[in-house]
2 protein chains.
Amino acid sequence: MSKVGKKVLVVDDEASIREMIAVALGMAGYDCIEAANTQDAHALVIDNKPDMILLDWMLPGTSGIEFARRLKRDDMTADIPIIMLTAKGEEDNKIQGLEAGADDYITKPFSPRELVARLKAVLRRATPQGMDEPIEVSGLKLDPICHRVMSHDQPIDIGPTEYRLLQFFMTHQERAYSRAQLLDQVWGGNVYVEERTVDVHIRRLRKALGAQHDHLIQTVRGTGYRFSSKEG
Amino acid sequence: MSKVGKKVLVVDDEASIREMIAVALGMAGYDCIEAANTQDAHALVIDNKPDMILLDWMLPGTSGIEFARRLKRDDMTADIPIIMLTAKGEEDNKIQGLEAGADDYITKPFSPRELVARLKAVLRRATPQGMDEPIEVSGLKLDPICHRVMSHDQPIDIGPTEYRLLQFFMTHQERAYSRAQLLDQVWGGNVYVEERTVDVHIRRLRKALGAQHDHLIQTVRGTGYRFSSKEG
DNA sequence: TGCTATTGTGACAATGACGTGACGCTTATG
DNA sequence: CATAAGCGTCACGTCATTGTCACAATAGCA
């Protein structure tokens with residue numbers, strides 16, 4: 001039934017939080033190792049090579065962000081996804097954390113279910129080969145490194161949300177997604193947004209793609225949307 | 001008409017709060033059942049199997065947290081998401097509530113809009129869709145993941161009802177079904193539609209499949225229809 | 001061959017889902 | 001501070017889908 005659990009390193013100075021996370025992850029079939037500070041954590045990373053790290057922002061000693069930076073600088077550990085745990089209202093920290101290389105963040109307090117959901121999403125997204133390689137479909141090219149979309153060598157100007165939407169579609173082609181799934185994957189799990197908002201961004205993306213490529217995004221009536229180069 | 005809303009159990013000792021929530025949920029298309037204490041609530045959970053529970057923290061008798069723990073301990077009820085209603089400033093309670101298995105919390109006072117939004121988000125996370133395998137019969141392939149029907153790599157365009165009809169047939173081949181059975185299985189149990197409506201959708205499906213595949217759907221005179229790759 | 005029950009077929013109005021433009025709000029940018 | 005850009009929501013228009021009907025076609029049977 002359950003696959004061999006991925007190893008998750010939890011870094012937090014509060015033992016009760018670690019305990020709660022460990023329980024939640026255990027029930028979801030993950031192996032959990034714990035550290036109370038970044039020094040122990042660093043040793044455990046080298047030692048156990050976990051598949052993912054849950055990292056509290058507020059830590060005594062070296063701050064979480066510094067720890068994240070150090071991991072991302074080392075090729076051996078740069079590929080390990082990091083989810084940052086932040087307290088409510090620390091918006092600035094989130095941005096800094098993401099810039100430091102974190103792959104997602106969760107605001108405390110969070111539910112075990114949400115934790116596992118985000119964790120799954122990040123692990124799913126963390127396909128090593130994918131994230132930085134350009135993707136091209138029938139003359140439409142998305143380059144994550146340049147953070148730019150090109151249509152036959154002509155730049156296409158779109159907003160951040162449309163970019164993430166297109167990136168998700170191009171990395172998950174052929175498959176149909178409901179509005180709810182798109183909100184989860186593109187907007188992030190814990191935002192409360194009307195489902196019809198997806199329609200509007202689909203519209204903006206289609207318009208930006210132009211007649212040349214807008215047929216790539218197909219409406220699946222009664223279900224959601226799909227990205228496919230095949231006609232539909 | 002057919003959209004039977006999800007059932008939501010509201011547990012709160014103040015009737016006015018329950019009333020307000022019931023109205024808000026009703027307008028959003030949810031069925032709402034109410035309980036004033038955890039004993040009634042527990043009976044209603046067993047009885048009605050709600051899809052989600054809104055649970056006030058401060059309750060006379062068994063506290064909300066105890067109630068939540070009991071539900072999460074029972075396999076039959078452990079999967080029901082719980083949103084806790086807490087008063088402002090009860091930060092400790094929130095953490096305890098989440099540890100007890102609650103999936104989210106809302107701080108009073110809250111707007112109906114926020115309530116519905118959070119509720120949607122939790123329900124969205126709680127209902128992952130199953131990964132179904134594609135089915136193929138003599139060049140006709142139905143892929144539930146792409147939500148698409150292909151005839152020898154050519155997409156076939158059909159409406160949602162025809163899609164569900166075809167999906168049911170392809171997962172229940174070789175057997176004849178009456179119109180009443182098809183209405184049950186494809187339309188859903190408690191909708192009133194004429195039996196002849198099935199004929200019309202069979203017709204539409206056959207037409208969409210084209211001469212290539214329409215013989216797969218066979219008329220069983222006096223009984224109903226059957227999906228089979230064998231002739232006659 | 002006729003007769004009747006059953007099914008096929010095209011059309012139609014009502015419904016609902018989706019597309020589309022506009023608006024106000026927030027946040028970046030100068 | 002002013003301006004611009006991006007975002008989420010709404011209201012309305014448009015079109016696909018749906019259930020129903022009337023009538024034509026067909027199979028089964030006397």
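Letters A, B, ... are given to chains in the order of the sequence lines, protein chains preceding strands, and every chain is numbered from 1. Just so you know, these numbers use all the heavy atoms, side chains as well, and skip hydrogens, waters and symmetry mates.
- Between B:H147 atom NE2 and C:dA17 atom C1' there is a gap of 14 Å when expressed in whole angstrom units.
- Between A:R179 and A:D199 a salt bridge is recorded (basic side-chain N to carboxylate O distance below 4.0 Å).
- Backbone-only engagement by A:E162 is indicated by non-hydrogen atom pairs under 4.0 Å involving sugar-phosphate atoms exclusively.
- Note on A:T197: a base of the nucleic acid sits closer than 4.0 angstrom, heavy atoms only.
- A close approach under 4.0 Å does occur between a side-chain nitrogen or oxygen of A:T219 and OP1 or OP2 of C:dG19.
- If you look at B:Y177 and B:F168, their ring centroids are closer than 6.0 Å.
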Let me have the donor-acceptor pairs involving side chains of residues 16-27 of chain B, under 3.5 Å, with sequence neighbours excluded, atom names and distances please.
unit_1	atom_1	unit_2	atom_2	d
B:R18	NE	B:E34	OE1	3.1
B:R18	NH1	B:D12	O	2.7

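- For DNA chain D, the outermost nucleotides in 5' to 3' order that have an atom under 4.0 Å from a heavy atom of chain B are D:dT9 to D:dA27.
- Between B:R179 and C:dT7 there is a side-chain polar atom (N or O) within less than 4.0 angstrom of OP1 or OP2.
- Side-chain atoms of A:R196 and base atoms of C:dG19 include a donor and an acceptor less than 3.5 Å apart.
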Working for side chain to side chain donor-acceptor pair (under 3.5 Å), residues A:R204 and A:T161
CA-CA 10 Å; A:R204 287 167 181 161; A:T161 304; over 6 Å; no
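- As a whole-Å value, the separation of A:I217 CD1 from C:dC18 P is 15 Å.
- As rounded to whole Å, 16 Å separates atom C1' of C:dA13 from atom CD of B:E194.
- Rounded to whole angstrom, the span from the CG atom of B:D199 across to the C1' atom of C:dT6 amounts to 9 Å.
- When rounded to the nearest whole Å, the span between OH of A:Y225 and C1' of C:dC18 equals 6 Å.
- Every residue two or more places apart in sequence or in another chain was checked for a ring pair (Phe, Tyr, Trp, His ring centres under 6.0 Å) with A:H215, and none qualifies.
- Heavy atoms of B:Y163 sit nowhere under 4.0 angstrom from any nucleic acid atom.
- At a cut-off of 3.5 Å, with distance as the only test, no side-chain donor of A:E194 or A:Y192 sits close to an acceptor on the other residue.
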